[in-house]
There are 2 protein chains.
Amino acid sequence: MQQTTGRGNQTYHHGDLRAALLDAAAQRIESEGVEALSLRKLADDVGVSRSALYHHFRDKNALLNAVAARGFEQWIAVSKARANSVDMTPADRLAQFVHGYIHWSASNPQLYDLMFGRPIWKTGQADEQLKEIAFPAFHFMLNKITQWQQEGILAQSMPALRQTQVIWATLHGLARLIIDGVYADSEHIDDMCNCAVAMLLKQN
Amino acid sequence: MQQTTGRGNQTYHHGDLRAALLDAAAQRIESEGVEALSLRKLADDVGVSRSALYHHFRDKNALLNAVAARGFEQWIAVSKARANSVDMTPADRLAQFVHGYIHWSASNPQLYDLMFGRPIWKTGQADEQLKEIAFPAFHFMLNKITQWQQEGILAQSMPALRQTQVIWATLHGLARLIIDGVYADSEHIDDMCNCAVAMLLKQN
DNA sequence: ATGTTAATCTTGACAGTGTCAAATTATAAG
DNA sequence: CTTATAATTTGACACTGTCAAGATTAACAT
């Protein structure tokens, strides 16, 4: 199930087709978008025939789920790394979190779209494995925001869960508007982030 | 181009196919979602053959643009009607605006998804006509928020444009999370709206 | 080493899809 | 009534995701 034979795959069955498909899919998605991903072209990229894929993924949606799952792993890693930069005031950490979130989404627009987009989450198309990987991402945000509440830089009058949902909605909405280009220019990313931070911070 | 002959169309060419297609498309979209819309099934619904559509819309995207345009007209009408309820404090009006926005999106999820979704706005697939109809919607929000700034219930330290973008991002993000069911339950809509309002309002 | 089992990959096929060109029909204009 | 113009249909093409059946190869037990 892992690497069956370590190296030297030439005219193999294929070696590790699953990983190759994931790589190629992620690459094609990031360059052309989710909606332009064709399983047949993907098979061509990898040099394998069209329905070979079905021995590693139940269907196209399962493949997308797997790519999204990898995206979440990457997202969490980046976010945690950012959160561990110590010598900062809480307010600066919040600001950095906001800017980091938006910049990551703007740098990986297609992947962000896949991870947080409708096709996967709507109609229960997210499989259990993806949910298990995605949940820590939300939990991470919930923790951060609870912490900022306790540190006194966010209002404390509301349940942390609700506040997390609203703050995340702000970030998510901002990311979507920028990515989709809906009356929000990507030149003003930092301006918008600063404005968002100012609005989130407890005013006193 | 309008109604060629007023009434009594039976075994006509079809009468007014364009309108019939729009109606059928809107209906099918709202019941099954944008991604499930098939031009051929749509033609069946209307009782016409597959490529009749192409004499009224350049392609599928043009049809979707037209449906979205109708959605914006409806959205603007509803929003303006809500905004004209007089006897209220400014803060209550803001609250009502937020609740109204979210409830409308939750009541017309598929249409909202089409209007503000990626497939139309990304990659410049929104045609000029749609942009002309959509722009007043954004202008309407910009006006409202500028007004609330002047009335002193929103912070005045930021440019109205930026603040509009961020507030709209909050609403848009909330709508998306609820519609797509991404870790936001639709049972708690009002709780989340109240939380959002509390965060937006200038705290003093 | 050999025969068996199980995994992997390919080929052929099917039902869909959006879209175009050419042919057909009905409406409007002269 | 004839002509011109718009609306609609039929046939076709290239493409999509997915499945069933057959072929190929790896892993395993003896």
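None of the values given here were measured: they were computed from a predicted structure.
Residues B:Arg162 and B:Gln165 bring a donor and an acceptor atom of their side chains to less than 3.5 Å of each other.
Atom CZ of A:Arg18 and atom P of C:dC9 are 13 Å apart (whole Å). Nucleotide C:dT10 holds its C1' atom 13 Å from the CG atom of A:Leu17, rounded to whole Å. Atom CZ of A:Phe57 and atom P of C:dT8 are 12 Å apart (whole Å). For A:Leu21 and C:dC9, the CG to C1' distance is 12 Å, given to the nearest whole Å. In this structure, B:Asp16 places its CG atom 15 Å from P of C:dT27, rounding to the nearest Å. One can place CG of B:Leu42 at 13 Å from P of C:dT19, the figure rounded to the nearest angstrom.
The neighbour count for A:Glu35 CD, taken as heavy atoms of other residues, nucleotides or ligands under 6.0 Å away, is above 12.
Residues B:Tyr112 and B:His172 place their aromatic rings such that the two centres sit under 6.0 Å apart.
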Original post:
Stepwise, does the side chain to side chain donor-acceptor pair (under 3.5 Å) test hold for A:Gln125 with A:Arg118?
Top reply: CA-CA 9 Å; A:Gln125 302 239 268; A:Arg118 176 186 179 76; over 6 Å; no

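In this pair, B:Trp148 and B:Phe97 present their aromatic rings perpendicular. The plane angle is above 60°, beyond the 30 to 60° band.
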Using a cutoff of under 3.5 Å, can you pull out all pairs of nitrogen or oxygen atoms linking the protein to nucleotides 17-21 of chain D, with atom names and distances?
| unit_1 | atom_1 | unit_2 | atom_2 | d |
| --- | --- | --- | --- | --- |
| D:dG17 | OP1 | A:Leu37 | O | 3.4 |
| D:dG17 | OP1 | A:Leu39 | N | 3.0 |
| D:dG17 | OP1 | A:Lys60 | NZ | 2.9 |
| D:dG17 | OP2 | A:Leu39 | N | 2.9 |
| D:dG17 | N7 | A:Arg40 | NH1 | 2.4 |
| D:dG17 | O6 | A:Arg40 | NH1 | 2.8 |
| D:dT18 | OP2 | A:Tyr54 | OH | 2.9 |
| D:dT18 | OP2 | A:Lys60 | N | 2.9 |
| D:dT18 | O5' | A:Tyr54 | OH | 3.2 |

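Residue pairs satisfying the side-chain hydrogen bond (donor to acceptor under 3.5 Å, both in side chains) criterion with at least one member in residues 69-78 of chain B, sequence neighbours excluded, are listed as follows: B:Asp23-B:Arg70.
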